[in-house]
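Heads up, the thing below is written out as structure tokens.
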Amino acid sequence: MTDLPSRRLLLVHAHPDDESINNGATMARYAAEGAHVTLVTCTLGERGEVIPPELAHLTGAALGQHRRRELAAAMAELGVQDFRLLGGAGRYSDSGMMGLPDNDDPACFWQADVDEAAAHLAEVIREVRPQVLVTYDDHGGYGHPDHIQAHRVAMRAAELSAKTGWTIPKVYWNRVPRPVVEESFARLREDLPGTPFSKAAEVDDVPGVVPEERITAVVDGTAHAAAKAAAMRAHATQITVAEPYFVLSNELAQPILTTEYYELVRGERGPGARETDLFAGIEETS
Ligand SMILES: [Zn+2]
């Protein structure tokens, strides 16, 4: 690929739906601005719990195929055309929640060889040459084995590609500042009687909550709030949306954050106290 746009963003996620929940507004914004947005999803989420009763019969590979279609629909909502599955569809399967016997399945992502999985991703990096990589922290945001593994594979792939042709200038982890989450949950608890949901989640149920000072970049996606909600809604087996709130299969309401937050962990921070653009400080060259 030689004719890529000058700004290129790569996101690495564990399951279809994680990208829309964590980065939907960011993805929609950069796609709308003409940046090249690439999503690499590591598994098809074959072990996810299905919310709609009429789809409850979907399990395993059939659920994976269904979620692949949900992912495509979500990407259409966000305006993202380049979305891929790590190593090709079905290469790595969902590992299930931490501690379950599913974690021992040799086909699952948790059992994957990190170097081998990272080699697949490094190939994508060499092709797309992203200036910005977004993934989870080393705890995977909330401890799901596939999220932890996605973190390891993304960080290793960045190292591998640096040795073989492309150094990604900036690497970010998904974060949310505790005060923002606390405030939005306070609002949620007040609003709850007017929503279809009966119970709120806890602040610590939100992946990646950190003290405010850890946040280095704030991406205002307010203008793309509708696209984010629509993308989340496209993942109907996993998410029920009633804007500005949503629930997962645990039925605990959470706010949809349309401003998204990041911590820069590799590379140089752009000017200003806090970046408002993930590409800040990047020279727009090949
Ligand atoms: Zn996930």
Side-chain angles (χ1 to χ4, degrees), residues 10-27 39-51 55 58-61 63-75 78 80 83-87 89-100 102-103 105 107-112 114 117 121 133-155 172-176 201 204-209 228 231-241 246-252 254 256-257 260-262:
L10 170 66
L11 303 103
V12 178
H13 276 292
H15 312 110
D17 78 350
D18 294 317
E19 79 296 325
S20 298
I21 298 170
N22 286 279
N23 310 110
T26 302
M27 293 170 78
L39 169 69
V40 175
T41 305
C42 298
T43 81
L44 284 171
E46 296 91 341
R47 290 194 162 99
E49 280 177 46
V50 174
I51 298 176
L55 296 174
L58 292 172
T59 57
L63 177 57
Q65 285 317 308
H66 188 88
R67 293 189 68 176
R68 200 177 171 186
R69 290 191 292 275
E70 290 181 340
L71 180 62
M75 292 306 97
L78 299 180
V80 170
F83 52 100
R84 314 171 185 212
L85 294 158
L86 184 67
R91 176 64 187 84
Y92 300 107
S93 68
D94 190 331
S95 311
M97 289 297 192
M98 189 61 99
L100 296 179
D102 297 339
N103 304 165
D105 178 350
C108 84
F109 191 44
W110 185 238
Q111 293 295 330
V114 171
L121 184 58
L133 167 66
V134 170
T135 190
Y136 313 110
D137 63 22
D138 52 3
H139 181 53
Y142 74 108
H144 189 294
D146 290 329
H147 288 238
I148 295 171
Q149 190 79 316
H151 159 87
R152 291 175 180 165
V153 167
M155 299 305 284
Y172 291 94
W173 292 347
N174 288 307
R175 294 298 200 190
V176 252
D204 287 304
D205 293 334
V206 177
V209 174
K228 176 168 181 166
M232 289 174 65
R233 201 171 264 121
H235 292 289
T237 59
Q238 307 300 306
I239 309 174
T240 307
V241 174
F246 74 100
V247 295
L248 301 171
S249 62
N250 62 14
E251 294 180 5
L252 300 174
Q254 297 187 43
I256 299 175
L257 299 177
E260 295 167 344
Y261 301 86
Y262 301 91

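Just follow the structure's listing: the first ligand is 1, and inside any ligand the first atom is 1. Side chains are part of it too, since the values below use all heavy atoms of this structure and drop only hydrogens, waters and symmetry mates.
Take a cut-off of 2.8 Å around the Zn ion (ligand 1): the protein N, O or S atoms inside it are His15 ND1, Asp18 OD1, Asp18 OD2, His147 NE2.
Looking at residues two or more places apart in sequence or on another chain, you find no side-chain hydrogen bond (donor to acceptor under 3.5 Å, both in side chains) involving Tyr261. The side-chain hydrogen bond (donor to acceptor under 3.5 Å, both in side chains) search around Arg91 returns Glu116, not counting sequence neighbours. Annotation: side-chain contact (heavy atoms from CB on, under 4.5 Å) contacts of Arg233 (sequence neighbours excluded): Val241, Glu243.
Aromatic ring pairs are classed by plane angle as parallel below 30°, tilted from 30° to 60° and perpendicular above 60°; the pair His15 and His147 is tilted.
For the residue pair Asp146/Ser95, the side-chain donor-acceptor check at 3.5 Å is satisfied.
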Go through Asn174 and Asp137 one step at a time and tell me if the side chain to side chain contact (heavy atoms under 4.5 Å, CB included) criterion holds. CA-CA 7 Å; Asn174 288 307; Asp137 63 22; over 6 Å; no
